[in-house]
Amino acid sequence: MKRIITFFLATTLAVLTSKADEGMWLPSLISQRIADMQEKGFRLSAEDIYSINEASLKDAVVLFGRGCTGELISPEGLLLTNHHCGYSQIQKHSSVEHDYLKDGFWAMSRSEELPNEGLSVSFLDRMEDVTEIILKGCTDEMTEEERRETVRKACEELIEKVTDDKKGLRATVEALYYGNQYFLFVYREFKDIRLVGAPPSSIGKFGGDTDNWMWPRHTGDFSIFRIYADKENNPAEYSENNVPYIPKKFFKISLDGVNEGDFTFIYGFPGRTQEYIHSEGVRYIEEVSDPHKIHLRTIRLDIQKKYMSQSQAVRIMYSSKNANVANAWKKWQGEVKGLKKMNTVEVKRQLEKDFDAWAADKEYKGLVSKIDGIYKELEPYAFATDYFNETIRAVELSTFAMSVARLYQKGFDEGELSKMAQTFYKDYHLPIDKESFIALMKEYGRNMPERFQPDYYKKMMADHGSEEAWAEALFVNSLFADKEKVKALTAEDKETVINDPATEFYNEFVKIHAAEVLPQSRRLNNELQLAYRDYMRGLMEFQKDRAFYPDANLTLRVAYGQVKGYSPSDGIYFTPYSTLRGIIEKDNPDIFDYNIPQTLRDIWKNKDYGKWAGKDGEIPVCFIATNHTSGGNSGSPVINADGNLIGINFDRVWEGTMSDIVFDPEVCRNIALDIRYVLFTIDRIGNAGHLIDEMVFAE
Ligand code: ARG
Ligand code: GLU
């Protein structure tokens with residue numbers, strides 16, 4: 001227990017100063033930051049942000065799907081998130097006849113709102129520090145395994161106590177600061193979520209992957225959903241009889257717009273950051289992992305692009321997959337540049353040296369070189385895992401074959417198989433997969449250390465003589481290459497499925513990965529976790545005046561900052577807003593991603609903006625601010641000093657994407673969509689003013 005107590009002391013002492021605007025704060029502890037927020041312009045109280053007893057802003061924020069944020073904007077359950085967060089739902093409802101991606105979708109009445117199987121949203125009901133409860137049974141003498149088991153049991157018990165399926169209550173316990181602290185999060189999860197509106201991609205994805213992660217930006221990245229509940233306003237599975245959910249709290253909308261220097265804050269679910277990671281961890285990311293992953297994805301993206309530009313059907317099929325592959329690919333490139341520019345490895349090495357000297361007479365003695373050593377040992381296994389994920393697991397045919405094989409293992413179910421097949425083949429283009437297979441296997445042969453290559457791989461290469469010939473055999477002989485054969489499968493075909501070459505491919509690579517890589521990487525990662533737990537605690541003692549915040553882990557956080565431009569490089573200064581003028585400047589009917597709807601051109605020409613124009617007479621589109629955000633913050637409400645909604649977060653600037661590892665106040669900016677552009681689009685492009693009538697505007 002001694003260690004735990006020291007830890008608490010460290011956290012409470014460290015609340016005072018923070019580097020400008022860096023930080024993702026826990027809402028239940030926001031009282032520790034509120035003075036700083038108010039000093040910077042915030043006009044509400046800590047209780048307005050998070051309260052256990054009263055409705056507070058947290059009740060208007062949801063975790064949307066598996067990794068985005070959304071916010072409530074009407075008393076009838078209307079919800080805003082990003083276009084790219086609703087993308088797979090919009091895509092699932094699309095076909096060549098009803099291309100909602102291309103043309104947009106607007107439900108003109110409640111009965112036209114489209115249900116989405118598998119989509120849910122979760123409200124945070126409450127959160128609580130449960131460190132003492134979770135660590136109660138732990139002693140300093142315990143082995144790490146014993147400790148882990150004790151913690152696991154304590155978490156399980158706690159979760160079971162608060163879970164209540166009838167009320168839609170689910171819970172998680174999350175380790176913060178590498179397990180120095182534990183928090184319980186209780187959520188209310190709603191499962192009947194319907195698509196209400198989406199702009200055409202020429203607005204919602206304007207600029208596509210060319211503009212992605214970039215400023216100046218002009219993407220109208222939003223989509224609209226509605227939460228449905230049962231007659232008692234409780235979560236329920238989809239039913240025709242469900243009614244719009246009446247939220248405890250929703251955001252009022254401000255049409256005041258933003259000025260440089262204005263206070264803003266963001267409430268949302270950032271996914272993963274590693275702000276306290278060791279220099280060796282950074283070096284691996286910067287010099288090994290990111291560059292290899294970037295290269296492998298460049299290959300896949302080029303192949304996808306080639307086929308997508310030849311056919312509209314293929315473009316629809318691969319639009320969502322392609323965006324996913326491209327997104328991280330581009331982020332990693334910015335991250336590498338940013339880490340280099342910040343000299344992160346060197347800066348961290350210096351910090352570790354100072355820490356080490358300070359620790360010489362403390363329990364943290366030797367920790368730095370211990371972490372160094374673990375990283376060195378871990379590197380080949382980490383590399384093998386990264387490579388496995390970006391090559392073997394990228395072969396669509398074989399991952400699908402594997403999921404069918406798993407279905408047989410679970411117990412064959414015809415309905416399930418037919419659903420799986422439908423989902424898979426709807427968006428599958430074999431020539432892309434085959435060509436990617438050939439290219440990826442060539443890279444695999446060159447770069448995967450031989451001791452991690454299965455005999456199967458060597459045999460295939462010897463039997464076929466080339467990746468091309470191997471692909472010929474695999475993509476012809478596998479039954480999964482033919483969707484009719486898959487549809488005809490029965491309970492009797494278990495052996496056929498398991499022995500299929502596509503299943504075999506996956507199995508053979510997984511087998512060696514499971515035998516030669518996973519056990520070692522698991523062991524070393526556990527050692528690392530343990531060392532980090534001590535290091536984190538030590539760091540908090542060492543840097544007494546630093547304001548620490550726990551790394552992001554897809555739990556609700558508050559980030560605050562101000563609207564602010566930046567200088568990405570010598571001689572350039574970016575102002576913090578963009579307008580419709582920029583869209584018109586980029587407009588190009590010959591380039592898919594820049595071909596805007598004719599309506600927008602007409603509106604621009606006639607300048608009939610109605611009430612949506614800003615003070616300068618232009619239609620505002622996006623703005624940037626210094627809020628510290630990460631992946632998962634997509635769709636997060638951007639809120640002004642009075643707690644009203646002024647925008648939707650959807651990205652970061654490219655020069656600042658290293659902020660998951662190191663935050664540079666000079667260039668790290670989040671990118672938000674101005675709420676007035678959202679309303680303008682709903683009204684003037686979607687002609688869906690009835691949705692605006694539901695909203696409430698701040699005076
Ligand atoms: N970069 C943003 C994020 O990380 C938007 C991604 C979606 N857009 C795209 N063009 N792929 O999620
Ligand atoms: N677009 C990201 C998301 O999907 C947010 C951008 C970021 O990583 O900051 O969450």
Side-chain angles (χ1 to χ4, degrees), residues 21-22 24 61-71 80-91 101 198-199 201-215 217-223 266-275 297 300-301 304-305 308 315 318-335 338 551-557 559 561 591-594 622 624-638 647-661 663-664 667-673:
D21 302 333
E22 172 179 353
M24 303 172 167
V61 183
V62 294
L63 175 67
F64 181 89
R66 270 182 229 117
C68 277
T69 305
E71 56 275 7
L80 270 183
T81 187
N82 289 145
H83 187 260
H84 79 261
C85 293
Y87 203 71
S88 63
Q89 281 77 32
I90 306 166
Q91 192 225 14
L101 280 180
S201 288
S202 54
I203 287 179
K205 210 187 164 201
F206 179 78
D209 286 300
T210 315
D211 283 12
N212 190 22
W213 297 110
M214 306 279 261
W215 183 256
R217 189 65 158 279
H218 300 88
T219 313
D221 197 343
F222 77 95
S223 60
I266 289 199
Y267 217 153
F269 290 86
R272 180 162 188 252
T273 59
Q274 309 178 78
E275 308 291 344
R297 289 198 176 197
R300 285 163 70 196
L301 288 167
Q304 291 177 3
K305 197 156 71 191
M308 287 168 80
R315 195 172 62 225
Y318 274 71
S319 53
S320 186
K321 289 178 189 170
N322 182 266
N324 280 336
V325 177
N327 193 43
W329 166 80
K330 190 160 180 185
K331 187 210 149 181
W332 292 328
Q333 297 177 49
E335 184 170 84
D551 270 321
N553 57 356
L554 210 62
T555 58
L556 192 59
R557 301 298 174 92
I591 302 176
F592 181 77
D593 286 332
Y594 293 100
C622 295
I624 51 176
T626 60
N627 301 292
H628 189 183
T629 56
S630 187
N633 270 123
S634 274
S636 300
V638 185
I648 314 173
N649 185 68
F650 70 98
D651 214 355
R652 272 174 289 170
V653 303
W654 202 57
E655 298 81 4
T657 46
M658 70 301 193
S659 65
D660 293 343
I661 295 165
F663 188 89
D664 178 3
V667 296
C668 288
R669 300 287 180 272
N670 69 295
I671 307 181
L673 179 59

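For ligands, and for the atoms within them, numbers begin at 1 and follow the listed sequence. Computed from a predicted structure; not experimentally measured.
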Handout entry: Expected output: side-chain S223 to main-chain A198 donor-acceptor under 3.5 Å
Key = no
Exercise for the section: Verify, without hydrogens or angle tests, whether H628 (side chain) and S659 (backbone) share a donor-acceptor contact under 3.5 angstrom. Expected result: yes
Exercise for the section: May I ask you to list the atoms of ligand 1 that are less than 4.0 angstrom from any heavy atom of K205? Expected result: 10 (N)
Practice task
Give yes or no for whether the N/O distance cutoff of 3.5 Å, strictly under, is met between W213 and ligand 2.
Solution key: no
Handout entry: Test item: side-chain donor near acceptor, T626 and D21, under 3.5 Å
Key = yes
Problem - N/O separation below 3.5 Å, H84 to ligand 1 - result: yes
Problem - Residue-ligand contact F650/ligand 1, heavy atom below 4.0 Å - result: yes
Practice task
Determine whether more than 12 heavy atoms belonging to other residues, nucleotides or ligands lie under 6.0 Å from atom NZ of K305.
Solution key: no
Exercise for the section: Keeping the roles fixed (side chain from D651, backbone from N212), state whether a donor-acceptor pair exists under 3.5 Å. Expected result: no
Problem - Protein contact to atom 7 (C) of ligand 2 [nearest heavy atom, distance to 0.1 Å] - result: R652 NE, 3.2 Å
Practice task
Return the residue, atom name and 0.1 Å-rounded distance of the protein heavy atom closest to atom 6 (C) of ligand 1.
Solution key: N327 OD1, 3.2 Å
Practice task
For the residue pair N649 and N670, confirm or rule out a side-chain donor-acceptor distance under 3.5 Å.
Solution key: yes
Fill in the blank from the handout: Among non-hydrogen protein atoms, atom 2 (C) of ligand 1 lies closest to D651 OD1, 3.2 Å
Practice task
For the pair T273 (side chain) and A552 (backbone), establish whether a donor and an acceptor sit closer than 3.5 Å, ignoring hydrogens and angles.
Solution key: yes
Handout entry: Atom indices of ligand 2 within 4.0 angstrom of G632 heavy atoms, with elements
Key = 3 (C), 10 (O)
Problem - Residue and atom name of the nearest protein heavy atom (relative to atom 2 (C) of ligand 2), distance in Å to one decimal - result: S634 OG, 2.7 Å
Problem - Element-labelled atoms of ligand 2 that are located less than 4.0 Å from some non-hydrogen atom of N633 - result: 10 (O)
Fill in the blank from the handout: So the atoms of ligand 2 within less than 4.0 Å of a heavy atom of D651 turn out to be 6 (C)
Exercise for the section: Distance to 0.1 Å, residue and atom name: give those for the protein heavy atom nearest to atom 5 (C) of ligand 1. Expected result: N212 OD1, 3.4 Å
Completion exercise
Residue, atom and distance of the protein heavy atom nearest atom 10 (N) of ligand 1 read D209 OD1, 2.9 Å
Handout entry: Proximity to ligand 2 by part of K331, non-hydrogen separation under 4.0 Å
Key = neither
Practice task
Keeping the roles fixed (side chain from T69, backbone from L63), state whether a donor-acceptor pair exists under 3.5 Å.
Solution key: no
Practice task
Examine distances only and state if a side-chain atom of N633 and a backbone atom of S630 form a donor-acceptor pair shorter than 3.5 Å.
Solution key: yes
Handout entry: K330 (side chain) donor-acceptor with W213 (main chain) under 3.5 angstrom
Key = no
Problem - Flag for N553-T555: side-chain donor and acceptor within less than 3.5 Å - result: yes
Completion exercise
G631 heavy atoms within 4.0 Å reach ligand 2 at atoms 3 (C), 7 (C), 8 (O), 9 (O), 10 (O)
Exercise for the section: Heavy-atom contacts with G208 under 4.0 Å: which atoms of ligand 1 show up? List them by number with element. Expected result: 10 (N)
Handout entry: Those atoms of ligand 2 less than 4.0 Å from some heavy atom in F650
Key = 1 (N), 2 (C), 5 (C), 6 (C)
Problem - For ligand 2, the portion of C68 having any non-hydrogen atom under 4.0 Å away - result: neither
